[in-house]
Amino acid sequence: MTGPGAVHPADPDGHGILLVDDEPAILESLELTLTPEHRVFTAGTGEQALEILDKEDIALIIADQVMPGMTGVEILEQVSERSPRTIRMLLTGYADMDSLVRAINEGRIYRYLPKPWDPDELRMNVRRALEAYQLAWENTQLAGALAEANEKLRAENLYLRGEVESRYSFEGVVGDSPAMQRVFDVMKKVSETDATVLLTGETGTGKDVIAKTIHYVGPRKEKRFVAQNCGALPDTLLESELFGHKKGAFTGAHADKEGLFQIADGGTIFLDEIGETEPGMQVRLLRVLQDGEIRPLGSSDTRKVNVRVIAATNKDLEKAVEEGRFRDDLYYRLRVVEIPVPPLRERREDVPALAHHFLDRVAHRMGRELSGFTNAAMDRLCSADWPGNVRELENEIERVVALAGDERMVGVEMLSEHVRGGSAAREGTVAPAIASEPNMALAVEALKRHMIVQSLRDTGNKTRAAERLGIPRQSLQKMIKRLEIRDAEIEGEES
Ligand SMILES: Nc1ncnc2c1ncn2[C@@H]1O[C@H](COP(=O)(O)OP(=O)(O)OP(=O)(O)O)[C@@H](O)[C@H]1O
Ligand SMILES: [Mg+2]
C-alpha cells in the first residue's frame with residue numbers, strides 16, 4: 001500500500017497525481033490540463049514531492065528531469081523505493097536522452113513525456129497509467145482476498161475433518177451412535193482429571209480400549225499405562241503384581257520386585273475384572289485409593305504413589321455389593337465416574353462404522369482387496385445380536401477376510417451361519433426383530449425380507465408372490481437380488 005491513510009476508490013480518477021517541476025508556469029499548465037478530471041498535487045522540489053508522497057495516495061507521479069536539486073530520475077528512484085506501486089513518468093526534453101534511456105532501461109520509469117507535450121496525448125497517457133495502477137491495486141486486493149479465502153477454507157477443512165473424525169470415532173474408538181457419543185463426551189471430560197473411573201459393560205464392549213484412550217488423551221500420557229486382570233491370579237500373586245514384594249517375602253521371591261502401582265507412578269493403572277477381587281485385596285485397593293499408599297509384600301514401609309485408577313467389570317458390582325461379596329466403600333471410591341458401555345445390540349448404528357473400521361484394518365493386514373459390504377451383508381451384520389459385542393464383530397470380520405478369495409465386497413454368503421440367519425430368521429418371525437429394531441431403515445428392510453420370503457413360501461412362485469405383494473414381478477426379482485434372499489431361505493432351511 002502507499003502512504004498512510006491510503007484510500008483506494010474504485011474509480012481510477014479518484015487516485016492522486018503528483019506533479020513535480022521547478023518552473024511554476026509548467027506546473028500550472030500541467031495542472032490545468034489534468035485538474036478537471038483528477039486529484040492533482042504539485043511540488044516545486046524533490047523534497048516537497050516526497051513529503052506529499054508520504055501523506056497522500058499517489059497513483060502517478062510526473063517529474064521534470066532537469067531541476068536544481070534532485071533530478072527527476074533521482075526523485076523517481078526514491079519514489080520507487082517508498083511507494084513501489086506508484087507509476088512514475090518523466091517529463092523531459094530530447095536534450096537529455098541519455099539519462100532518459102538509462103532510467104527506462106533500469107525500470108525506474110513507466111513512460112516518458114516529451115516536452116513540449118500535447119495535452120490530449122498527456123491526458124491519454126495519464127488515464128492509461130491510472131488504469132494500470134488500478135488494475136495492479138485490484139490484483140493485490142484479489143490476491144489478498146484469495147489468500148484469505150484459501151486460509152479460511154483450509155481451516156474449515158481441518159475443522160470439518162476433525163468434526164467427521166470425532167463424529168465417528170474418538171482417538172480410534174469407533175462409534176457414531178448417540179450412546180457412544182455420550183461415552184466420548186464423558187471420556188473427554190474425565191481424561192483431563194485424575195478422577196477414578198469405573199467402566200461397566202458386557203464382555204467385548206470396548207472397556208479396555210476406552211481405558212487406554214482415557215489415559216492417552218490425558219495429561220498423564222507421557223507416563224505409563226499398565227493393566228492388570230484381577231481375575232487371573234491367586235490373591236498373593238496379584239498382590240505382588242500390584243504392590244511389589246521384598247526378596248524372600250514368599251517362596252520363590254528371589255529378588256525385590258516393583259509393583260505395577262510403582263511402575264505406573266504418575267500414570268494410570270487399569271484394574272480389569274475388579275469384581276473378581278478377594279476381600280483382602282479389596283482392603284488393600286481401598287488404601288491406595290484413599291491415601292495413595294502402597295506396601296510391597298514382605299515390607300514394613302509404605303510408599304506414596306500418584307496413580308490414576310481406571311477399573312472395569314462385566315459383572316453387576318452393585319449386586320455383588322448387595323450380596324456382600326464386594327465392599328461398598330471400595331465400590332463408591334471406584335465409581336467416582338461410572339461409564340456404562342452399552343452392548344452392541346443396543347447401538348446397532350455403530351455396526352457399519354465398526355465393520356468398515358475392522359475390514360479396512362484386517363484387509364490391509366492380510367493384503368486383501370475387500371473394500372466394503374453388499375447391502376444385504378451389512379443388513380445381516382446390523383441385525384445380528386452379537387452377544388460377544390464388538391469383539392465378536394471384529395472376529396467375524398477377521399474370519400471373513402481370512403477365508404475370502406478375490407472378492408471385492410463382502411457378501412451374505414461369506415458371513416457365518418449365525419450372522420447370516422440374523423435374529424429374525426432364528427426366531428422364525430420378523431416381528432420381534434422389527435419391534436426391537438430402533439433404526440427405521442433396517443426395520444423396513446427386515447419387514448420387506450420377511451414379507452417376500454413368506455409370500456414366496458406360501459405361493460411357491462414369483463409371479464403369484466408378486467401379485468400377492470402387490471408389486472410388479474420385476475420389482476420382486478430386484479428386491480430378491482438386492483436382499484440376497486437365497487432359495488434355501490425360502491425353502492425354510494434356515495429358520
Ligand atoms: N468402539 C470401538 N472401536 C474400535 N474397536 C473397538 C471398539 N470397542 C471394542 N473394540 C475392539 O473390540 C475388541 C474388544 O474390546 P475390549 O477388549 O476393549 O472389550 P472389553 O469390554 O474390555 O471386554 P472384556 O470385558 O471381555 O474384557 C478389542 O479388539 C477392541 O479393540
Ligand atoms: Mg477387557
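Order of listing sets the numbers, starting from 1, for every ligand and every atom in it. Numbering of residues begins at 1 and proceeds along the displayed sequence.
When each of Leu285, Leu334, Val226 is tested with Leu271 by the rule side-chain contact (heavy atoms from CB on, under 4.5 Å), just one qualifies, namely Leu285.
Protein heavy atom closest to atom 25 (O) of ligand 1, with residue, atom name and distance, is Lys207 NZ, 2.6 Å. Among all protein heavy atoms, the one lying closest to atom 26 (O) of ligand 1 is Thr203 OG1, 2.5 Å. The single protein non-hydrogen atom nearest to atom 14 (C) of ligand 1 is Arg391 CB, 3.7 Å, given as residue, atom name and distance. With hydrogens left out, the protein atom closest to atom 28 (C) of ligand 1 is Glu394 OE1, 3.4 Å, a heavy atom. Taking atom 19 (O) of ligand 1 as the reference point, the nearest protein heavy-atom neighbour is Gly206 N, 3.2 Å. Val174 O, 2.8 Å is the protein heavy atom nearest to atom 1 (N) of ligand 1. In terms of protein heavy-atom proximity, atom 5 (N) of ligand 1 is nearest to Phe358 CZ, 3.6 Å. Of the protein's non-hydrogen atoms, the one nearest atom 22 (O) of ligand 1 is Asp208 OD1, 2.6 Å.
For Phe270 and His215, the ring centers are positioned 6.0 Å apart or more.
Using a 4.0 Å cutoff on heavy atoms, Gly204 counts as a contact of ligand 1. Using a 4.0 Å heavy-atom cutoff, Gly172 is listed among the residues neighbouring ligand 1.
Side-chain contact check for Thr313 and Glu273: no donor-acceptor pair (N or O, by modelled atom type) lies under 3.5 Å. Looking only at atom types and distance, the side chain of Asn389 has no donor-acceptor partner in the side chain of Thr205 under 3.5 Å away. No side-chain donor from either of Arg408 and Ser371 sits under 3.5 Å from a side-chain acceptor of the other. In this structure, a donor-acceptor pair under 3.5 Å is present between the side chains of Thr463 and Arg473. Counted by atom type alone, Arg348 and Ser383 present zero donor-acceptor pairs between their side chains at under 3.5 Å. Side chain to side chain, Tyr331 and Arg335 meet the donor-acceptor criterion of an N or O pair below 3.5 Å. Glu138 and Gln134 are linked by a side-chain donor-acceptor pair at a separation below 3.5 angstrom, with hydrogens and angles left out of the test.
Once rounded to the nearest 0.5 Å, the distance linking CG of Leu344 with CD of Glu346 reads 10.0 Å. Here the CD1-OG1 distance, from Ile214 to Thr193, works out to 9.0 Å after rounding to the nearest 0.5 Å.
Close N/O approach between His357 and ligand 1 is not found [any backbone or side-chain N/O within under 3.5 Å]. In terms of polar-atom proximity, defined here as any N/O pair under 3.5 Å, Val390 makes no such contact with ligand 1. At under 3.5 Å, not a single nitrogen or oxygen of Val173, backbone or side chain, sits near a nitrogen or oxygen of ligand 1.
Residue contacts with ligand 1, taken as heavy atom pairs separated by less than 4.0 Å, involve Asn314 solely via side-chain atoms from C-beta onward. Of the heavy atoms in Leu354, only side-chain atoms (C-beta onward) come closer than 4.0 Å to ligand 1.
Residue Val209 approaches ligand 1 through these ligand atoms, each under 4.0 Å from one of its heavy atoms: 8 (N), 9 (C), 18 (O), 30 (C), 31 (O).
The N, O or S atom of Asp208 with the smallest distance to the Mg ion (ligand 2) is OD1.
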